Amino acid sequence: MKAVLLTGHGGPEMLRYGDAPDPIAGPGEVVVDIHAASVNAADYKVRLGKGRYSDVRFPHILGRDFSGVVSALGAGVADLAIGDAVFGVTEQGQEGAYAEKIAIKAAIVARKPTRLGHVEAAAMALTSLTALWALEDTARLRAGETILIQGGAGGVAGFAIQLAKYLGASVITTASAHNHDYVRGLGADRVIDYHAEDFATAVHDCDVVFDTVGGDVQIRSYAVLKPGGRLVWIAPAPEGFKPSRKDVETLRPAVARDRAHLERMLALLERGAVWPPAITPFKLADAAEAHRISEGRHLQGKLVFEVR
Ligand SMILES: NC(=O)c1ccc[n+]([C@@H]2O[C@H](COP(=O)([O-])OP(=O)(O)OC[C@H]3O[C@@H](n4cnc5c(N)ncnc54)[C@H](OP(=O)(O)O)[C@@H]3O)[C@@H](O)[C@H]2O)c1
């Protein structure tokens with residue numbers, strides 16, 4: 001099969017489009033012929049090889065979410081059949097979606113409805129899983145609460161805006177000016193241009209902050225929380241940072257992979273509560289270009305590979 005092979009740590013030039021062995025379905029697994037795979041911010045971090053991503057054996061195939069068609073069944077798989085359209089997210093610590101085929105545990109993929117294309121399903125897999133774990137399971141966001149979502153135009157944050165709005169929260173988000181119409185269209189009630197205005201003084205009394213940006217943004221986010229508020233993060237604060245406020249909670253979602261959360265996303269889609277993000281398509285052979293954009297940190301919505 002064709003795949004994008006990461007040949008070493010470094011810049012996007014470390015990605016080579018070439019041949020890799022076909023995967024085999026082990027017990028409880030299916031092989032999926034991938035039609036679309038998405039680019040996540042974690043992918044360029046793995047490529048750069050910093051911190052917890054330093055331990056990679058090359059060549060390595062990146063990619064955490066995909067949509068495609070089941071082409072082989074491992075022993076014991078009874079609830080999926082060859083020809084089923086499915087989408088999913090790889091297990092934590094495993095990757096391999098920048099490829100024409102992937103072997104994955106059947107229990108963590110979900111059937112893709114025909115109303116959702118493969119490109120859209122790939123775009124919504126890890127983003128929805130992460131946002132659902134963060135806002136529903138971890139923050140336990142409730143109707144009438146106010147949430148500040150940092151980085152609203154990004155993949156996870158974009159889904160989080162839709163979800164928070166559906167849950168009945170008042171949604172504030174940060175974005176560059178060229179993304180304001182986009183995040184308003186997703187449901188944001190108030191948008192802060194973080195280049196022109198300091199969110200830490202413009203916003204106060206939030207029940208929840210969802211931080212998808214990290215670094216200094218996370219440090220300054222504590223100022224906007226009311227006593228008893230919750231800060232949920234998926235992008236880290238600077239190493240060694242300890243929050244000074246003792247009257248708020250700091251939470252990190254587990255983001256376990258399972259079929260139930262993907263099906264929860266599909267139920268929300270069916271209700272019209274969420275819909276696919278803005279998508280920029282790429283060919284697998286153009287992975288280096290997609291990575292330059294992802295690493296630039298100012299994309300809108302999702303970058304998705306059309307694999308076949
Ligand atoms: N399981 C997990 O824990 C998990 C899962 C998924 C992602 N993540 C992490 O979560 C983070 C977000 O991932 P993603 O894939 O959703 O990111 P992404 O789509 O690549 O996010 C890019 C967005 O960040 C915005 N941005 C950059 N700097 C900003 C700032 N200072 N303030 C506000 N917005 C800013 C940009 O918006 P503008 O152009 O408008 O500036 C851009 O739209 C990454 O660090 C990723 O590794 C963790």
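These numbers come from a predicted model, not from an experiment. Counting convention: from 1, in listed order, for ligands and their atoms alike.
Judged by distance alone, with hydrogens and angles left aside, the side-chain atoms of R230 form a donor-acceptor pair with the main-chain N or O of R140 at under 3.5 Å. For E295 (side chain) and Y44 (main-chain N/O), no donor-acceptor pair under 3.5 Å exists by modelled atom type.
Between L129 and R257 the shortest side-chain heavy-atom distance falls below 4.5 Å. Proximity of V232 to D211: side-chain heavy atoms (C-beta onward) are nowhere separated by under 4.5 Å.
Remark: the S67 side chain and the K112 side chain contain no N/O donor-acceptor pair separated by less than 3.5 Å. At a cut-off of 3.5 Å, with distance as the only test, a side-chain donor of S221 or Q150 sits close to an acceptor on the other residue. Judged by distance alone, the side chains of R47 and H291 do bring a donor and an acceptor atom under 3.5 Å apart. R271 and Y166 share a donor-acceptor pair across their side chains, judged by distance under 3.5 Å alone. A donor atom on one side chain and an acceptor atom on the other are found under 3.5 Å apart for D43 and Y98.
Atom 34 (N) of ligand 1 has its closest protein heavy atom at G151 CA, 3.1 Å. The protein heavy-atom contact nearest to atom 11 (C) of ligand 1 is T212 O, 3.2 Å. Ranking the protein heavy atoms by distance from atom 5 (C) of ligand 1 puts T130 OG1, 3.4 Å first. In this structure, the protein non-hydrogen atom closest to atom 23 (C) of ligand 1 is G154 CA, 3.7 Å. Protein heavy atom at the shortest distance from atom 8 (N) of ligand 1 is I234 CD1, 3.7 Å. With hydrogens left out, the protein atom closest to atom 28 (N) of ligand 1 is Y194 OH, 3.6 Å, a heavy atom.
The ligand atoms of ligand 1 that sit less than 4.0 angstrom from a heavy atom of A175 are 40 (O). Listed by number with element, the atoms of ligand 1 under 4.0 angstrom from any heavy atom of V255 are 1 (N). Per-residue contacts place V217 under 4.0 angstrom from the following atoms of ligand 1 (heavy atoms of the residue considered): 31 (N). Atoms of ligand 1 lying under 4.0 Å from any heavy atom of A235, numbered from 1 in the order shown and given with element: 45 (O). For ligand 1, the atoms lying closer than 4.0 Å to a non-hydrogen atom of S176 are 38 (P), 39 (O), 40 (O), 41 (O). Those atoms of ligand 1 that come under 4.0 Å of a heavy atom in T174, given as number and element, are 33 (C). Less than 4.0 angstrom separates some heavy atom of A41 from each of these atoms of ligand 1: 13 (O), 15 (O), 17 (O), 20 (O), 44 (C), 46 (C), 47 (O). Taking a cut-off of under 4.0 Å to the non-hydrogen atoms of N179, the atoms of ligand 1 that pass are 38 (P), 39 (O), 40 (O).
Relative orientation of the H298 and H195 rings is tilted, given thresholds of 30° and 60° on the angle between their planes.
Nearest to atom 47 (O) of ligand 1 by heavy-atom distance, out of K45, Q92, H180, is K45. With distances taken over non-hydrogen atoms, the option nearest atom 36 (C) of ligand 1 out of Q300, R252, R297 is R297.
At least one heavy atom of A42 sits less than 4.0 Å from an atom of ligand 1.
Checking only distances, L126 never comes within under 3.5 Å of ligand 1, N or O to N or O. Between G155 and ligand 1, an N or O atom pair is found at a separation short of 3.5 Å. For a threshold of 3.5 Å applied to N or O pairs, the pair formed by H195 and ligand 1 contains no separation below that value. Considering backbone and side-chain atoms together, Q150 places no N or O closer than 3.5 Å to any N or O of ligand 1. Residue V156 has at least one nitrogen or oxygen atom sitting less than 3.5 Å from a nitrogen or oxygen atom of ligand 1, judged on distance alone.
Just one residue in the list V4, L5, I102, L6 forms a side-chain contact (heavy atoms from CB on, under 4.5 Å) with I61, and that residue is L5. With V304 as the partner, the side-chain contact (heavy atoms from CB on, under 4.5 Å) test is satisfied by one option alone out of D65, V39, I279: I279.
With a 4.0 Å heavy-atom cut-off, ligand 1 is reached by the side chain of V213 but not by its N, CA, C or O. Using a 4.0 Å cut-off between heavy atoms, L299 contacts ligand 1 through both its backbone and its side chain.
Centroid-to-centroid, the aromatic rings of H118 and F66 stay 6.0 Å apart or farther.
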Begin from the C-alpha positions of R184 and D189 and carry the test salt bridge (Lys or Arg N to Asp or Glu O under 4.0 Å) through to its verdict. CA-CA 7 Å; R184 279 204 188 90; D189 298 296; over 6 Å; no

